[in-house]
Undergrad: 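I have a structure I would like to understand better, so I am pasting it below and will then ask my questions one at a time.
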Number of protein chains: 2
Amino acid sequence: MRTLYHFPLSPFSRKVRIVLAEKKLPFRLVLENFWERRREFLAMNPASQVPVLQEPDGRLYSDSTSICEYLEEAYAESPLLGYTPHERAEVRRISGWFNNKFYYEVTKYIVDEKVYKHFRRAGPPDSNLLRAGKANIHYHLEYITYLMRTRKYLAGDKFSLADITAASHISVLDYLGEVPWSQHDEDLRSWYAVVKSRPSFRPVLDDTVHGFKPAQHYAVLDF
Amino acid sequence: MRTLYHFPLSPFSRKVRIVLAEKKLPFRLVLENFWERRREFLAMNPASQVPVLQEPDGRLYSDSTSICEYLEEAYAESPLLGYTPHERAEVRRISGWFNNKFYYEVTKYIVDEKVYKHFRRAGPPDSNLLRAGKANIHYHLEYITYLMRTRKYLAGDKFSLADITAASHISVLDYLGEVPWSQHDEDLRSWYAVVKSRPSFRPVLDDTVHGFKPAQHYAVLDF
């Protein structure tokens, strides 16, 4: 059986879950509290990060970008990267934006402070770091709105890994009530509503994490 | 003419320069002081990061991972990602390790504090951040040594983008005299000597940056 070691509020785990679902690949989920650095988990991924994918043949894959590229190469159904090298470069550019820039400027501040500190019993959130994440998110949400002015989806006319990547980050923050929807253009909300309505997104939205109640509108499709 | 907007001490710029050279694609370099956020440069890459590649047809590519994937797809000569999906996943995993983990735990601390603060006239380096980078590098160099115990190159038996990525980061730190070679296994040095001896590496090693003299052994192949 294909197995994904994940954590529900990891945007990188969410991204791979959605890609697997888009490609109609069955898998079972194993919850991994990766910050505990479990010995068997470190042996699977010395970076001690989720997600880790174990394929039915036993082979292990880690680094969420590498996993998504692997799934795209190994399973042709529902291509998520586009067709021409130029299209694919744009999908990868936007995905990279959210995997790196958005993650280090927004997600990491908010999720580390609010969620992982709680689980690691490492004290209360650092309000300066939280504030930095909350301030930085606006610029990124404006970038999405800017892209949506001329595009149907983030990287062009087709739904792609770029949408999955961005929505994975946004959905984690939305769970925590940290997406300032009312301060942004309606186009942002419309894009997210379309993406979160995909059947591949459903199981992700149904997940909850002990100790953290999702924001009221979180799983509502017409929010 | 193909143009690469770069900065000599950006590991991501180095990586793309080496990939272009491995693929024997001619290009001209344009120095971009990306921290100045030049308006024309922001229009080319709203992330305001180097490198940016402009292809002879005028099309623009940014995000170094996206650029390398694009070059691999568009130019078949000298494949740098491996042949099977499983091989390619390993090349991407190790490349991702250095692009993200190594960058945020080592390179960024040292290069931001030593180099970019100087150019931005943002005061002296923060010794706590420098110390963090200097402490963290050991674990990563040990990981390279660990991989080299069973492999000829970082991701397997073939030279790949994983070696280029890791060596790009290490070469920037080596320029600044920040690689503690003597405290690490000979296998680490042997791997780096092989990689830096490739003709594709030469122009990168010949570059200097005003205000920063490279460490004495920096461009010496038998160091």
Side-chain angles (χ1 to χ4, degrees), chain A residues 12 42-49 51-53 55 57-76 81-105 108 139-140 142-144 146-147 155 161-162 165, chain B residues 12 42-49 51-53 55 57-76 81-105 108 139-140 142-144 146-147 155 161-162 165:
Chain A
F12 306 105
L42 271 175
M44 288 195 285
N45 180 14
S48 197
Q49 289 164 342
V52 169
L53 177 69
E55 280 280 75
D57 65 5
R59 284 179 161 174
L60 291 161
Y61 298 85
S62 59
D63 179 291
S64 72
T65 299
S66 175
I67 295 172
C68 292
E69 293 278 351
Y70 160 74
L71 292 171
E72 185 79 357
E73 290 183 357
Y75 304 99
L81 279 167
Y83 295 88
T84 70
H86 186 255
E87 268 176 30
R88 295 159 68 87
E90 183 64 357
V91 171
R92 289 185 177 114
R93 178 182 78 82
I94 309 261
S95 303
W97 181 296
F98 286 92
N99 283 326
N100 298 304
K101 214 170 151 53
F102 189 90
Y103 174 67
Y104 283 101
E105 294 175 7
K108 192 175 190 314
Y139 149 72
H140 293 277
E142 276 161 26
Y143 188 50
I144 294 180
Y146 165 79
L147 290 172
L161 184 62
T165 306
Chain B
F12 306 105
L42 271 175
M44 288 195 285
N45 180 12
S48 197
Q49 289 165 341
V52 170
L53 176 71
E55 279 281 75
D57 65 6
R59 282 179 162 176
L60 290 161
Y61 297 86
S62 59
D63 180 290
S64 72
T65 300
S66 175
I67 295 173
C68 292
E69 294 277 352
Y70 160 74
L71 292 171
E72 184 79 355
E73 289 183 358
Y75 304 100
L81 278 169
Y83 294 88
T84 68
H86 185 255
E87 269 177 29
R88 295 160 68 87
E90 183 64 358
V91 171
R92 290 185 177 114
R93 179 182 77 83
I94 309 260
S95 303
W97 181 295
F98 287 91
N99 283 328
N100 298 305
K101 215 171 150 54
F102 190 90
Y103 175 67
Y104 283 101
E105 294 175 6
K108 193 174 190 314
Y139 149 71
H140 293 277
E142 276 160 27
Y143 188 50
I144 294 180
Y146 164 79
L147 291 171
L161 183 63
T165 305

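We use all heavy atoms of the structure for the numbers below, so side chains are in, but hydrogens, waters and symmetry mates are not. Chain letters run A, B, ... following the sequence lines, proteins first, then strands; residues in each count from 1. Owing to the predicted nature of the structure, the values given are computational and were not obtained by experimental measurement.
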Undergrad: Say you draw a straight line from CZ of A/Arg92 to OG of B/Ser62; how long is it, rounded to the nearest 0.5 Å?
TA: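 The CZ atom of A/Arg92 sits 13.5 Å away from the OG atom of B/Ser62.
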Undergrad: Can you tell which part of A/Tyr143 gets under 4.5 Å to a heavy atom of chain B, answering side chain, backbone, both or neither?
TA: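 Side chain only.
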Undergrad: Got more than 12 heavy atoms from elsewhere within 6.0 Å of OH, A/Tyr146?
TA: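 No - once you tally the heavy atoms of other residues, nucleotides and ligands closer than 6.0 Å, there are 12 at most.
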Undergrad: With a 4.5 angstrom heavy-atom cut-off, could you sort out which part of A/Arg59 is near chain B: side chain, backbone, both or neither?
TA: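 It is the side chain, since no backbone atom gets that close.
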Undergrad: Looking at B/Ser66 and A/Ala89, what are the two nearest heavy atoms and their distance?
TA: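 Closest pair (atom of B/Ser66, atom of A/Ala89, distance): OG-O, 2.7 Å.
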Undergrad: Would you mind checking which part of B/Tyr75 comes under 4.5 Å of any heavy atom in chain A, side chain (CB onward), backbone (N, CA, C, O), both or neither?
TA: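 When you check distances to chain A, no heavy atom of B/Tyr75 falls under 4.5 Å.
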Undergrad: Ignoring hydrogens, what is the shortest heavy-atom contact between B/Glu73 and A/Pro85? Give both atom names and the distance.
TA: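 Closest heavy-atom pair between B/Glu73 and A/Pro85: OE1-CA, 3.4 Å.
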Undergrad: Compare every heavy atom of A/Arg93 with every heavy atom of B/Pro46, then report the nearest pair and how far apart it is.
TA: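 Heavy atoms only, the tightest pair is CG-NH1, 4.2 Å.
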Undergrad: Checking heavy atoms, do the side chain of A/Tyr104, its backbone, both or neither come under 4.5 Å from chain B?
TA: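 When you check distances to chain B, only side chain atoms of A/Tyr104 fall under 4.5 Å.
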Undergrad: With a 4.5 angstrom heavy-atom cut-off, is it the side chain or the backbone of A/Phe102 that approaches chain B, or both, or neither?
TA: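 For A/Phe102, no heavy atom lies under 4.5 Å from chain B.
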Undergrad: Mind checking the CD-CH2 spacing from B/Gln49 to A/Trp97? Nearest 0.5 Å is all I need.
TA: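 CH2 of A/Trp97 is found 8.0 Å from CD of B/Gln49.
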Undergrad: Could you tell me the separation between the CG atom of B/Asn99 and the OG1 atom of A/Thr65, rounded to the nearest 0.5 Å?
TA: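 With rounding to 0.5 Å, CG (B/Asn99) is 9.0 Å from OG1 (A/Thr65).
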Undergrad: Go through B/His86 and A/Tyr61 one step at a time and tell me if the side chain to side chain contact (heavy atoms under 4.5 Å, CB included) criterion holds.
TA: CA-CA 9 Å; B/His86 185 255; A/Tyr61 298 85; 2.9 Å; yes
